[in-house]
Each structure stands twice: as C-alpha cells, then as structure tokens.
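Worksheet: the structure to be examined is printed underneath.
Keep in mind that the numbers below use all heavy atoms, side chains included, and drop hydrogens, waters and symmetry copies. These numbers were taken from a predicted model, which means no experiment stands behind them. To find a chain, count down the sequence lines: A is the first, B the second, and so on, and within it residues start at 1.
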Amino acid sequence: MRQKLEYLKEIPSQTAGPYVHIGLAPGAAGFEIYDQELGWDIAGPNARGERIRVEGVVTDGTGSPVKDVLLEAWQANADGIYAHPEHTGEVEDGFRGWGRVITDFETGEWGFDTVKPGPVMGRGGQMMAPHINLWIVARGINVGLNTRIYFEDEAASNAADPVLNVIEWERRRATLIARRELRDGLAVYRFDIRLQGEDETVFFDI
Amino acid sequence: MTKPPQPGEFYQRDRRWHPPALSQDYKTSVTRSPQFPLISLENTASEITGPVFGHNDINATDNDLLSNFAQPGQSPIGERIIVHGRVLDENARPVPNTLVEIWQANASGRYRHKKDTYLGALDPNFGGCGRTLTDENGCYHFRTVKPGAYPWRNWVNDWRPAHIHVSVFGSGFAQRLITQLYFEGDPLIARCPIVNTIPDLEAVEMLVARLDLNATIPLDTIAYRFDIVLRGRRSTLFENRLEGN
Ligand SMILES: [Fe+3]
C-alpha cells in the first residue's frame, strides 16, 4: 500500500438558477430585507482616475438576451492596486473594486459605474493592460464563467498584454475589448457578451 | 526588504469534477454553454486577490432567516432548522472571515421573487435570504426553515429536491463559487437533472447536508451539517510574486 494524499476536493458548482437575485440582490427580486445590499458601489467616493460606465447585454446561442444573469466585477484602482491584503500598495478609502449587477428583466441590459483601472503587474514582472475581471452566473450556467473586460483606447498595452496574447485565435481577442463612446462627456464602454455562437466571448479557466 | 512568504497560486480547478457547461438533460444549458474550450490562465494578482468583507457590511442577524423578515413576535411556517458547517480549502485549512450568502424557497416551495408564479403560498414572515461571515475557524451557521420541493419547467414533470442556494467568496476571486445544498434522504435528489449535471456521485454527496442531531437545540430546532470546500493554494513562495519581484 502506498501512503495516501490527504487533500479535500473542491465542492462542485451548481447553477445559480433563475432566482439568484433573492440572495444576492433582493431589491431586484422585489423586496427589502438588508440594511445594505452589497456591490452597488465599486469605486467609492474617493477613487482617483477616470469615472466610466460599462454597459452590455449577455446573449445566448440563439442571439436572445439573457435576462436573469448576475455579473460580478473585480478590478484594481487607477494605480493598478487591488483592495486586498496580499497586493502591495494602498487604495483610496472606500475603494473596494468589487461590484455586482443584474440585468434588466425586460431587456437584458446591464451596466455599472466605476473608475477605469490602471495597468496591473502580471506574472514575471510583465505588465497587464487595464482590465476588469468579470464573473457571470445564471440559470443554465453550471459553473460561473470568468472573462475580462479590456478597453478599446488602450490599444498599445492591449497588444502587449500577456493574457490577451495567450489567446491563440487572434480574432477572438476582439471579444474582450470594450468599445468606447462619449455620452454627455462621460466615457461609456460597451461590452456585449456572447455565451455561444460564432463570436462567442472568450472565457477563462482561472 | 524581505516579505513573509505569500500563499501561492490556487490549485487548478478539476473541471471533470464540476458539471460540464453543456448537459442535455438540463435544457437551459444547451443555449447558454460556451462551446469553445476555456482558455487556461496561470494565476495573476487579478485571480489571487478578491473582495474583502467585514462586520460593517452586514448585520449580525442577517444569518437568521427565522426572524430577518418576520413580523415582530411571529415566525415563518415550516420545519425549523439550523444549517451549520465550516468553509475549508482543499488543504483542509479553514477559510476565516469569508462571506457566505444563501437563498431558498419557503416551506411550500415558493420563492419571494417577482418572477416566481408557483401555486405554493408566499409566507408573510419569510424572506428567503441570509448572509454571514465565517469566524476565525471557518465556521458559519444559519437558522431557517426547511425549503419545500417545487416544480420547474424542464421536462414536464420535473421537481427540484429541497435545496438551499449557497454563494461563497474565499480569499481570491478564483475561489468564487455558487452551489446548492440538498438534504440527506431526499428521493428527488437522484432524479434531478440539475443535480445530475454533476458527473461523479461522490461529488454529488458533497452537496448533501447530513442530519446532525448533536447540533440541534432540543425541543426547538433540528440541525444539518454542511461543510464547504473551496480551492486550495500552494503554500510555497509564489515564484513570480504578485509585485513582480
Ligand atoms: Fe432553487
């Protein structure tokens, strides 16, 4: 007999189902229960950097909007620092860098306000282009999907980004680039997510 | 300046242990499952870090579903239960101070959600959600009622086993997980197309809470034990440190 390795196994994932809002955004489910819902303010009042809005819709394999999805965003501040004890550096008071949004039940549109993150130090001292990490759950999604939002106006750093460059299929890299437009002076980035189909968004196993 | 060794990267997620994205018998997954393979990433700061929550973010009573939506002096209808356990990682180390959120149907299988139109009655004293932070040993507990089974549109006569939806963070965004807790002895578990998206029966068993008579409050509340295991981390110094040297 050999010795045994005593590792536990990660608990398996299950779909968040259609009523994920009850647990994670009860206001959207139609009732108030908590003194504060978490995740509606990503950057806080003191964040440096450019205030931006990110919007999009998630579509399924038939091209229909997915109306019961919940997305979580995780990002660094404008200096490329995550609000986490293991990341070297300070963030502004009130900056959490995390948020969650749900889609409109009628249209499937989602959107959140934040600040544009700065470039983040990656592996081996290689800089990563500014990006927001996204995690997507919904009915019909058995394991939450991870992807990244990159920014159209960061062409040079995107071209050098070590993660984008891991994607062998160059055409698919474009699915991670949010399009920038100005709306009443505010930078609004459009990031549509396709779960399936020809322009399927790149999802990561992180 | 020397820094203390940082915990390292997360162990790779075992994608054969988790349900595949596409499971024909869970019909909604057919059009919502990516068809290209996932792109495997080595961990960077973006994956190793994750949001931190504290006691200012929640109320101490948010974990008590018996009272957090009830009228003063009243309680929800149904079997009163305690759900408790620990959040651990794959190295069997406790995950302290991490946010656990749950949501569920009431005792008649009805959700308090504007999109739920099931015949089961709403309970005026039951909201159906709770949240808590694990303590320094990774322990958590909730008080609630046992949820009822409910029908859903998949095949025409599918019923979900009694279940509680569970969301956990861990210490890094790569550990983020949502799953469902089932109850020991429920004959609907084996028949459920959502449970059966999980290929391995041993993995399914990890989602079945055990009756825990030792944790009951006699003459008051019965108890179930549910331990949550998140991805483990290498303990060696991260070769390419987060700050990049
Ligand atoms: Fe459910």
Distance in Å, [X] [atom1] paired with [Y] [atom2], rounded so as to fall on 0.5 Å steps:
| X | Y | atom1 | atom2 | result |
| --- | --- | --- | --- | --- |
| A:N146 | B:R176 | CG | CZ | 10.5 Å |
| A:F204 | B:I39 | CZ | CD1 | 7.0 Å |
| A:N133 | B:L41 | CG | CG | 9.5 Å |
| A:L24 | B:I178 | CG | CD1 | 5.0 Å |

Inset, instruction - Would you check if there is a donor-acceptor pair between the side chains of A:E10 and B:H18 at a distance under 3.5 Å? - result: yes
Inset, instruction - Starting from the C-alpha separation in whole Å, work towards a yes-or-no answer on side chain to side chain contact (heavy atoms under 4.5 Å, CB included) for B:T49 and A:W74. - result: CA-CA 9 Å; B:T49 61; A:W74 173 240; 3.0 Å; yes
Inset, instruction - Classify the ring geometry between B:F173 and A:W135 as parallel (under 30°), tilted (30 to 60°) or perpendicular (over 60°). - result: perpendicular
Inset, instruction - If the plane angle is over 60° it's perpendicular, under 30° parallel, otherwise tilted; pick one for A:Y19 and B:Y111. - result: tilted
Side chains of [X] and [Y], heavy atoms from C-beta outward: is any pair under 4.5 Å?
| X | Y | answer |
| --- | --- | --- |
| B:I48 | A:E86 | yes |
| B:F36 | A:R172 | yes |
| B:V204 | A:P12 | no |
| B:I58 | A:Y34 | no |

Using a 6.0 Å cut-off, check whether atom [atom1] of [X] has over 12 heavy atoms from anything other than its own residue.
| X | atom1 | value |
| --- | --- | --- |
| B:E42 | CD | no |
| A:E32 | CD | no |
| B:Q12 | CD | no |
| A:R190 | CZ | yes |

On a heavy-atom basis, which atom in [X] and which in [Y] lie closest, and how many Å separate them?
| X | Y | answer |
| --- | --- | --- |
| B:H165 | A:T15 | ND1-O, 4.1 Å |
| A:E72 | B:F169 | OE1-CE2, 3.7 Å |
| A:H87 | B:A45 | NE2-CB, 3.7 Å |
| A:H84 | B:S171 | NE2-O, 2.9 Å |
| B:R32 | A:D60 | CG-CB, 4.2 Å |
| B:C129 | A:G23 | CB-CA, 3.9 Å |

Under 4.5 Å from any heavy atom of chain A - which part of [X]:
| X | answer |
| --- | --- |
| B:Q35 | both |
| B:F53 | both |
| B:D89 | backbone |
| B:N59 | side chain |
| B:H113 | both |
| B:A21 | backbone |
| B:L230 | backbone |
| B:V30 | backbone |
| B:S46 | both |
| B:E202 | neither |
| B:L177 | both |
| B:T197 | side chain |
| B:N154 | neither |

So that I can tick it off, tell me whether [Y] and [X] are bridged by a salt bridge, with the cut-off set at under 4.0 angstrom between side-chain N and carboxylate O.
| X | Y | result |
| --- | --- | --- |
| B:R13 | A:D205 | no |
| B:R131 | A:E37 | no |
| B:E101 | A:R100 | yes |

Inset, instruction - Name the option with the most non-hydrogen atom pairs under 4.5 Å to chain A; the candidates are B:V52, B:D116, B:V168. - result: B:D116
Inset, instruction - Would you mind telling me which of B:D62, B:D57, B:I198, B:L22 has the largest number of heavy-atom pairs within less than 4.5 Å of chain A? - result: B:D57
Legend entry - Options A:Q126, A:R148, A:M128, ranked by heavy-atom pairs under 4.5 Å with chain B, top entry: A:R148
Inset, instruction - Name the member of A:L195, A:I141, A:V143, A:I11 that forms the most heavy-atom pairs with chain B at distances under 4.5 Å. - result: A:I11
Legend entry - Residues in residues 44-59 of chain A that sit under 4.5 Å from chain B, counting heavy atoms only: none
Inset, instruction - Sort A:R194 into side chain, backbone, both or neither according to what part of it lies under 4.5 angstrom from a heavy atom of chain B. - result: neither
